[in-house]
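So the structure is just underneath, and the comments pick up after that.
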Amino acid sequence: QVQLMESGGGLVQPGGSLRLSCAASGSIFRINTMAWYRQAPGKERDLVATITRSGIPGYGDSVKGRFTISRDNAKNTAYLQMNSLKPEDTAVYYCNAVDILLIGGRVRLDAWGQGTLVTVSS
């Protein structure tokens with residue numbers, strides 16, 4: 001009933017920028033919080049950024065000042081603008097939606113996308 005699709009990943013040089021998008025589709029009436037996580041090879045999945053429905057952001061310490069999360073509620077889409085990228089930002093980036101009110105009144109606690117690979121390398 002709910003699908004999340006990430007896009008925008010790719011290869012970028014250190015110091016470069018990328019913009020990720022996450023489009024949610026399905027029988028969605030409203031999404032509360034949307035978030036980005038990342039998982040580097042051999043490491044756990046870590047929180048990158050969150051944003052509430054009203055637009056209040058939160059960031060992991062490693063990306064503060066470099067990444068910006070935003071969303072378009074009308075499109076059920078979240079974005080992650082990544083600037084000043086570093087090799088250590090290389091990871092698969094996952095979109096997460098939390099507390100999803102579905103058309104018809106049911107609630108889905110969360111949903112995940114399949115991920116998009118970001119590689120930062122010269």
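Every heavy atom of this structure was used, including side-chain atoms; hydrogens, water molecules and symmetry mates were not.
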Flag yes if [X] and [Y] sit in one hydrophobic cluster, no otherwise; membership is Ile, Leu, Val, Met, Phe, Trp, Tyr, and two members link when side-chain heavy atoms are under 4.5 Å apart.
X   : Y    : answer
F29 : M34  : no
L20 : V120 : yes
L18 : Y59  : yes
L85 : V92  : no

Could you tell me if the side chain of [Y] sits less than 4.5 Å from the side chain of [X], heavy atoms only?
X    : Y    : result
Y94  : R45  : yes
T68  : L80  : no
V118 : M82  : yes
N32  : V98  : no
L117 : T119 : yes

* Asked: Hey, mind stepping through S54 and T52 against side chain to side chain donor-acceptor pair (under 3.5 Å) and telling me if it holds?
  -> CA-CA 5 Å; S54 59; T52 67; 3.1 Å; yes
* To do: Would you please test L102 and V107 for side-chain contact (heavy atoms from CB on, under 4.5 Å) and show each step?
  => CA-CA 6 Å; L102 302 176; V107 174; over 6 Å; no
* **Working for side-chain contact (heavy atoms from CB on, under 4.5 Å), residues S17 and Q81** => CA-CA 7 Å; S17 298; Q81 178 66 43; 3.9 Å; yes
How far apart are the closest heavy atoms of [X] and [Y], and which atoms are they?
X   : Y    : value
A40 : A91  : N-CB, 3.8 Å
C95 : E6   : N-OE2, 2.8 Å
P14 : S122 : CD-N, 3.7 Å
A35 : L47  : CB-CD1, 4.2 Å

[atom1] of [X]: more than 12 outside heavy atoms within 6.0 angstrom?
X    : atom1 : result
E88  : CD    : yes
R53  : CZ    : yes
Q114 : CD    : no

* Between the main-chain N or O of A111 and the side-chain N or O of N96, is there a donor-acceptor pair closer than 3.5 Å? ->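 Yes.
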* Could you walk me through whether I51 and I56 pass the side-chain contact (heavy atoms from CB on, under 4.5 Å) check? -> CA-CA 5 Å; I51 186 166; I56 299 173; over 6 Å; no
* Under the side-chain contact (heavy atoms from CB on, under 4.5 Å) rule, what do D99 and L109 come out as? Steps first, then yes or no, please. => CA-CA 5 Å; D99 190 14; L109 293 180; 5.8 Å; no
* To do: Flag this pair as yes if the NZ/CZ of R71 is under 6.0 angstrom from the six-membered ring centre of Y79 and inside a 45 degree cone about the axis; otherwise no.
  =>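 Relative to the ring axis of Y79, which defines the angle, R71 lies outside at least one limit.
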* Asked: Please walk me through it: do W36 and F67 pass ring pair (Phe, Tyr, Trp, His ring centres under 6.0 Å)?
  -> CA-CA 11 Å; W36 289 95; F67 290 10; over 10 Å; no
* Classify the side-chain pair D72/T77 by whether it contains a donor and acceptor separated by less than 3.5 Å. =>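 No, no side-chain donor-acceptor contact under 3.5 Å.
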* Check the side chains of S25 and Q3 for a donor-acceptor pair under 3.5 angstrom, ignoring hydrogens and angles. =>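 Yes.
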* To do: Report the residue from D89, D46, T116, T90 that forms a side-chain hydrogen bond (donor to acceptor under 3.5 Å, both in side chains) with R38.
  =>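 Single pass found, and it is D89.
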* Taking atom SG of C22 and atom CG of N76, what is their separation to the nearest 0.5 Å? ->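 These two atoms lie 9.5 Å from each other.
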